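Labels below follow one simple rule: chain letters A, B, ... track the order of the sequence lines, proteins then strands, and each chain is numbered from 1. The shown structure was predicted, so the numbers you read here are calculated from the model rather than taken from an experiment.
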Protein chains: 2
Amino acid sequence: MPKFTQANSCNTCPYKDYALTKLQTNDVDLIQNSCLIVNFKKGENVCKQGTEVTHALYLAKGSVKLYIEGKNKNLILKIITQSKYIGLQSLFGDRVYQYTITTLEDSQICMINANIILDLAKKNVNYLFELTRNISEATNFVYKKIIDINQKQLRGRLADVLLHFSENVFRSDTFELKLTRKELAEYSAMSMENTVRILNEYKKDGIIGIEGKVFTIKQPEILRKVAELG
Amino acid sequence: MPKFTQANSCNTCPYKDYALTKLQTNDVDLIQNSCLIVNFKKGENVCKQGTEVTHALYLAKGSVKLYIEGKNKNLILKIITQSKYIGLQSLFGDRVYQYTITTLEDSQICMINANIILDLAKKNVNYLFELTRNISEATNFVYKKIIDINQKQLRGRLADVLLHFSENVFRSDTFELKLTRKELAEYSAMSMENTVRILNEYKKDGIIGIEGKVFTIKQPEILRKVAELG
DNA sequence: TTATAACATTGATGCATATCAATGTTTTGT
DNA sequence: ACAAAACATTGATATGCATCAATGTTATAA
């Protein structure tokens with residue numbers, strides 16, 4: 001499989017973003033002409049904290065983690081799955097990535113020249129409006145993340161994270177998490193050892209089931225109570 | 001002083017936001033007609049976490065704290081001073097406030113019907129573009145906040161906060177902080193007692209001077225080193 | 001103008017959580 | 001197929017920080 005492909009069918013792409021429906025066909029063509037579909041293998045960096053933003057990133061297929069790199073530890077802010085823009089606010093703000101994005105599995109990322117997107121946004125208000133909604137939702141999500149980190153302690157945080165995956169991401173009681181324990185820890189803002197400890201605690205208590213990377217939420221009410229109480 | 005005033009001179013307002021310059025005069029009039037200037041006394045809530053977003057909020061004069069209310073403690077995300085929109089992302093996202101905003105001194109807030117702003121944004125792409133930039137910057141700021149909370153410990157966080165006020169907010173070595181020790185603690189994500197302790201530690205070491213609410217940064221290099229090392 | 005509450009300060013104590021350590025298990029690359 | 005590295009697990013230890021407590025100080029309201 002080649003590393004790059006020139007996009008050639010954005011208008012009919014099955015992974016197309018809703019915001020694109022707000023554009024005229026020939027404007028989508030503009031994006032298409034500047035759009036490179038890049039194949040990333042699992043574990044590759046899509047963008048790197050501290051570098052300049054030159055492209056808009058659209059996750060067509062696969063999944064990625066968006067995280068802040070610290071001196072000792074990383075903090076995963078969100079897991080993003082297919083058909084989503086990633087890190088739009090970096091286009092309109094500083095133009096410097098505040099975070100690193102790494103693929104969790106083999107993924108396809110559409111990379112579109114940042115200025116093309118900005119120009120289209122400046123011309124097409126409905127398109128920009130969708131992007132803005134997108135950014136706003138992302139901001140709200142980060143706010144919730146901050147609350148978790150600041151207000152809850154380990155057990156509550158982990159309960160929250162498990163419920164979030166079950167209810168918002170996979171929409172199922174059983175799901176396979178493409179994260180290592182270390183990554184799950186970085187997502188929950190705690191040490192890897194404590195993540196393992198508490199997971200097995202929940203398992204022993206029959207609240208969840210664990211089979212490698214497959215999690216089963218057995219008693220969501222109890223988990224919700226733990227998340228509630230912190 | 002009356003509690004409410006109907007706006008009548010937005011086009012010539014000295015506290016006018018830059019985004020407004022992107023609008024036609026008659027569009028500014030639309031905002032003006034729907035704009036109530038509300039006088040808040042120190043300590044009053046401008047909006048409340050969990051309630052519906054019905055208005056765009058513009059801080060014409062004064063200062064406010066934007067914070068997340070938790071069960072035990074609050075977390076102040078930012079201090080906002082005059083001539084700034086506050087919480088724009090709530091207009092485009094959930095339409096529910098994720099935070100509470102309270103005045104730190106007597107302040108004037110312009111309240112404009114949310115739908116008027118949204119309609120104007122949908123009609124005027126340059127205006128929306130400015131708002132989007134605004135939201136994106138706010139998001140980046142929160143990212144930095146998360147890093148601080150997650151990666152640094154008390155001394156580093158407080159050093160960061162003091163430098164931030166000195167360099168970004170007041171742009172002076174000496175500044176008067178309109179925050180109580182408790183609020184400074186909530187801004188730095190730590191307990192009030194430890195805030196006091198560390199402040200006096202810095203004072204004893206000659207790194208800063210404290211005279212009530214007036215702070216003097218005496219040795220910014222050392223403070224920066226502490227912030228750096230965490 | 002006095003009473004009451006909010007604010008500020010300092011020391012002592014306890015606990016949540018990270019870190020260290022040891023060991024087994026699973027990937028990954030060659 | 002094998003070695004090396006990353007991952008996972010569990011227990012023991014250390015510590016950063018919140019919490020509690022006591023007391024003084026400054027606002028605020030009746």
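The side chain of B:K213 contributes an N or O atom lying less than 4.0 Å from OP1 or OP2 of C:dA8. For the OP1/OP2 pair of D:dA18 and a distance below 4.0 Å, the side-chain nitrogens and oxygens of B:N194 include at least one atom meeting the criterion.
For the pair A:L199 CG and D:dC7 P, the interatomic distance rounds to 16 Å; values are reported in whole Å. Here the C1' atom of nucleotide D:dT10 and the CZ atom of A:R181 are 14 Å apart, to the nearest Å. When the C1' atom of D:dA18 is taken as reference, atom CG of B:L75 falls 16 Å away, rounded to whole Å. Atom P of nucleotide C:dT28 and atom CD of A:E44 are separated by 14 Å, given to the nearest angstrom.
Heavy atoms of B:T180 sit under 4.0 angstrom from primed sugar atoms or phosphate atoms, though from no base atom. Residue-level contact check: A:M190 touches the backbone only, with heavy atoms under 4.0 Å from sugar-phosphate atoms and none from bases.
Set against C:dT9, D:dT28, D:dT9, the side chain of B:M192 has C:dT9 as its closest nucleotide.
Ring centers of A:F141 and A:H164: under 6.0 Å apart, within the cut-off.
No hydrogens or angles were tested; on distance alone, nothing pairs the side chain of B:E193 with the base of D:dC17 as donor and acceptor under 3.5 Å. In terms of polar N and O atoms assigned as donor or acceptor, the side chain of B:Q153 never comes within less than 3.5 Å of the base of D:dC17 in a complementary pairing. The base of C:dT19 is paired with the side chain of A:R197 by a donor and an acceptor separated by under 3.5 Å.
Under the 30°/60° scheme for interplanar angles, the aromatic rings of A:Y58 and A:Y85 are found to stand perpendicular.
Using a 4.0 Å cut-off between charged side-chain N and carboxylate O, A:K152 and A:E228 make no salt bridge.
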